[in-house]
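Below is one structure, written out as structure tokens, with a few remarks after it.
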Amino acid sequence: MTRALDVLALRALGLGDFLTAVPALRALRDAGARVTVAAPAALAPLACLAGCDVLAAAPLEPLSTAARYARLLVNLHGRGPQSHAVALAAAPQRLIAFQHHAIPQTAGMPSWHADEHEVDRWCRLLHESGIPADRTRVDLPPPPLPTDLEPARGATIIHAGAASAARRWPAERFAAVAVAETDAGRSVVLTGSAAERRVALAVAERAGVDPRRVLAGRTDLAALAAVVAHAGRVVCGDTGVAHLATAFGVPSVVLFGPTSPALWGPPARRDRHRVLWHGTTGDPHAARPDPGLLAIDAPRVIAALAELPA
């Protein structure tokens with residue numbers, strides 16, 4: 001019979017979601033257990049940096065048989081009830097989750113607070129369940145930079161993509177920022193997924209950046225993490241790359257639109273990051289750029305970059 005997992009953390013979501021859960025995962029490790037995260041397999045290199053294993057999982061899909069009977073299962077996915085059902089189907093010996101009226105097994109568990117920073121949310125869940133957690137422990141050790149990506153060392157990363165159109169700042173504005181960084185004597189590289197390569201190439205063309213410095217579509221998640229970790233600075237929207245910059249302590253300027261940085265921004269009291277936000281909220285999944293995001297112009301971003309520490 002396969003040995004039951006010590007601790008299984010359900011976080012079958014994206015890059016930024018995983019990184020905001022790192023302090024909670026570290027708290028679980030501090031309790032003396034081996035921690036396995038139910039998450040997309042692509043996140044395994046980052047989980048390794050956080051000292052955790054990965055059990056491949058997809059959002060709200062049934063967990064594999066390897067997840068059954070874990071000594072402790074912590075639902076870091078959401079408030080339920082769908083994720084609670086996924087967790088309970090794995091028959092853990094103990095469950096930690098937020099209370100939901102439709103799931104009797106969660107009666108008496110911590111309450112969900114809607115207006116709470118994502119890092120604080122999961123640390124509070126553990127703290128109120130008897131496991132101390134430190135919200136400041138977001139840092140990860142930098143992975144080595146592959147030789148073929150050495151030109152990215154010390155460069156300004158411009159990441160023009162985002163998961164939804166609502167969070168995508170216009171390409172021509174990113175190009176203006178790239179020109180300003182080049183004029184300031186800093187090299188520029190452009191990152192992104194394969195689907196974002198077209199927009200990255202458009203930014204490079206407008207800015208006169210050598211297309212060989214467009215890394216979009218050329219890196220897997222592990223390589224992207226290494227590129228960010230060894231960059232000089234990062235400019236991006238509210239994306240997973242922003243959380244990588246936070247995790248590796250790389251100076252960054254992050255543009256927020258429909259979502260408040262009070263919920264997803266870099267931790268407070270860190271002078272390496274600048275957050276730009278117009279102060280309004282909207283639909284983060286909308287099909288057009290958020291009006292608040294469009295209210296941020298290129299000169300404002302360039303000015304914020306000038307304030308970053310070396």
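Computed from a predicted structure; not experimentally measured.
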Hey, are the side chains of Leu63 and Val86 touching, using non-hydrogen atoms and a 4.5 Å cut-off? yes
In Å and rounded to the nearest 0.5 Å, what is the CG to SG distance from Leu46 to Cys52? 11.0 Å
Under a 4.5 Å cut-off applied to non-hydrogen side-chain atoms, are Met109 and His100 in contact? no
Among Val250, Val234, Val228, Val227, which one satisfies side-chain contact (heavy atoms from CB on, under 4.5 Å) with Leu244? Val228
So do the side chains of Leu15 and Leu43 get within less than 4.5 Å of each other, counting heavy atoms only? yes
Is it the case that Thr191 and His159 place a side-chain donor and acceptor less than 3.5 Å from each other? yes
Nearest 0.5 angstrom please: Leu215 CG to Leu149 CG, how far? 6.0 Å
Measure the NE2-CD distance between His101 and Gln99 for me, rounded to the nearest 0.5 Å. 10.0 Å
Minimum heavy-atom distance between Pro284 and Ala166, given as atom pair plus value: O-CB, 3.6 Å
Give, for atom CD of Glu116 and atom CG of Leu125, the distance between the pair rounded to the nearest 0.5 Å. 9.5 Å
Excluding Phe174, membership of its hydrophobic cluster (Ile, Leu, Val, Met, Phe, Trp, Tyr; side-chain heavy atoms within less than 4.5 Å) reads Ile158, Trp169, Val177, Val188, Leu190, Leu201, Val203, Val209, Val214, Val235, Val253, Leu255, Leu276, Leu293, Ile296, Val301, Ile302, Leu305, Leu308
Give the intermediate values and the outcome of side chain to side chain contact (heavy atoms under 4.5 Å, CB included) for residues Phe248 and Leu140. CA-CA 6 Å; Phe248 296 127; Leu140 292 177; 3.8 Å; yes
Heavy-atom closest pair, residues Ala231 and Ala155: CB-O, 3.5 Å
Side-chain contact test, heavy atoms from C-beta onward, threshold under 4.5 Å: evaluate it for Pro170 versus Leu294 and give yes or no. yes
Glu181 vs Arg233 side-chain heavy atoms within contact, under 4.5 Å: yes
Kindly determine whether Val138 and Leu19 satisfy side chain to side chain contact (heavy atoms under 4.5 Å, CB included), including the steps that lead there. CA-CA 7 Å; Val138 297; Leu19 293 171; over 6 Å; no
Nearest 0.5 Å, please: how far is CG in Leu10 from CG in Leu60? 8.0 Å
Show your working on side chain to side chain contact (heavy atoms under 4.5 Å, CB included) between Gln105 and Leu88 and close with a plain yes or no. CA-CA 9 Å; Gln105 296 92 328; Leu88 289 169; 3.7 Å; yes
If you measure from CZ on Arg288 to CZ on Arg168, what distance do you get to the nearest 0.5 Å? 14.0 Å
What's the verdict on side chain to side chain contact (heavy atoms under 4.5 Å, CB included) for Val275 and Phe256, showing C-alpha distance, side-chain angles and the deciding distance? CA-CA 7 Å; Val275 169; Phe256 278 80; 3.7 Å; yes
In a check of side chain to side chain donor-acceptor pair (under 3.5 Å) between Thr20 and each of Arg135, Arg11, His117, Glu118, which one passes? Arg11
I need the full list of side-chain hydrogen bond (donor to acceptor under 3.5 Å, both in side chains) pairs touching residues 51-66, with sequence neighbours left out, sorted by first then second residue. Arg34-Asp53
List the atom of Asp290, the atom of Gly282, and the distance in Å for their closest heavy-atom pair. OD1-CA, 3.9 Å
Shortest non-hydrogen contact from Pro143 toward Ala225: CG-C, 4.2 Å
What orientation do Trp112 and Trp122 show, parallel under 30°, tilted 30 to 60°, or perpendicular over 60°? perpendicular
Between Phe98 and Arg124, is any pair of side-chain heavy atoms under 4.5 Å apart? yes
Taking Glu128 first and then Arg121, would you say they form a salt bridge - that is, a charged N and a carboxylate O separated by under 4.0 Å? no
Quick one: which residue pairs count as a side-chain hydrogen bond (donor to acceptor under 3.5 Å, both in side chains) with a foot in residues 237-266, not counting sequence neighbours? Ser252-His273
Find out whether Arg218 and Arg197 are in side-chain contact, i.e. whether some heavy atom of one side chain is under 4.5 Å from a heavy atom of the other. yes
Would you say that Arg137 contacts Asp30 through its side chain, given a criterion of any heavy-atom pair below 4.5 Å between the two side chains? yes
